[in-house]
J.: 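Got a structure for you, written out below as structure tokens; questions coming shortly.
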Amino acid sequence: MVKTYRHESLLGFFKGMSFPIASIAVVNSVLFGVYSNALLALTATSHQERRAQPPSYTHVFIAGCTGGFLQAYCLAPFDLIKVRLQNQTEPRAKPGSPPPRYRGPVHCAASIFQAEGPRGLFRGAWALTLRDTPTLGIYFVTYEWLCRQFTPDGQTPSSGTVLVAGGFAGITSWVAATPLDVIKSRMQMAGLKQRAYGGLLDCMVSSARQEGLGVFFRGLTINSARAFPVNAVTFLSYEHLLLSWG
Ligand SMILES: C[N+](C)(C)CCCC[C@H](N)C(=O)O
């Protein structure tokens, strides 16, 4: 934090923010929309009926994985741009210094498109899909399980329960997702650094050889601190919107 602040001032902490904000609405509607429709198809019960007839954890897991799989493709190009911009650590342009490689998200997308073609925008998408498919299954199972622990049978969970269950669901799924998250980000950066990995497995093996197994948990603490409030609010919004619009 101190280094980022010294080097890039407060603005350094907001690097690559506009694209995630634009994408988060789309990505979360795909995730939660697919999840709840998959659950509807699997259990033939609506969201409201599910309180009286709770779905099995297997169904929750399958629906979560389906949502995770489909949202990964919407997320891939946005996530790539975020990673590329966050890794650009030059200080704010001073007169006379060379301009940064990417001037912003749109310029970043256009440069990747020009240099690497349309497929370039999906660099690391496979790793992202592998990261998100099972871990979003875990996400919804953890949320459902925690809600059921603190809610009497047949009742709607309280806002407090939803916040806590959502927060822990976020942390649990990030714990499971971090090893592949590290690999995914490295593969997304590889196109830029001309550092070619022979694929996902090669990236895993060479990262572990060079930096030890700890590399697979890099960033987990800060990510968990972020995940708790973010996912608490995400689930609270989801539950409230379904109650008021369902
Ligand atoms: C599956 N994985 C752990 C990657 C994300 C799960 C939580 C998703 C949420 N939008 C967030 O950003 O925290």
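As the structure lists them, so they are numbered: ligands from 1, and atoms in each ligand from 1. All of these numbers come straight from a predicted model, not from anything done at the bench.
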J.: Are side-chain N/O atoms of Ser224 and Thr221 paired as donor and acceptor at under 3.5 Å?
T.: no

J.: Are the side chains of Tyr197 and Ser206 in contact, using a 4.5 Å heavy-atom criterion?
T.: yes

J.: Classify the ring geometry between Phe228 and Phe168 as parallel (under 30°), tilted (30 to 60°) or perpendicular (over 60°).
T.: perpendicular

J.: So which heavy atom in the protein is nearest atom 4 (C) of ligand 1, and how far is it from that ligand atom?
T.: Asp132 OD1, 3.3 Å

J.: Could you tell me the residue and atom name of the protein heavy atom closest to atom 12 (O) of ligand 1, and the distance to it rounded to 0.1 Å?
T.: Arg226 NH2, 2.9 Å

J.: Among all protein heavy atoms, pick out the one at the shortest distance from atom 8 (C) of ligand 1; state its residue, atom name and that distance to 0.1 Å.
T.: Asn231 OD1, 3.8 Å

J.: May I ask you to say whether Lys3 pairs ionically with Glu8, meaning some side-chain N is under 4.0 Å from a carboxylate O?
T.: no

J.: Give me the ring orientation class for Phe235 and Tyr143: parallel if the planes are under 30° apart, tilted from 30 to 60°, perpendicular past 60°.
T.: parallel

J.: Write out the residue and atom name of the closest protein heavy atom to atom 6 (C) of ligand 1, then the distance separating them to 0.1 Å.
T.: Ser173 OG, 3.4 Å

J.: For ligand 1, which atoms sit closer than 4.0 Å to a heavy atom of Leu136?
T.: 1 (C), 6 (C)

J.: Can you check whether Thr135 has an N/O within less than 3.5 Å of an N/O in ligand 1?
T.: no

J.: Flag the pair Leu180 / Met204 as yes when at least one side-chain heavy-atom distance between them is below 4.5 Å, and no otherwise.
T.: yes

J.: Quick one: which ligand 1 atoms are inside 4.0 Å of a heavy atom on Arg131?
T.: 4 (C)

J.: Which ligand 1 atoms, with their elements, are less than 4.0 angstrom from a heavy-atom of Tyr139?
T.: 7 (C)

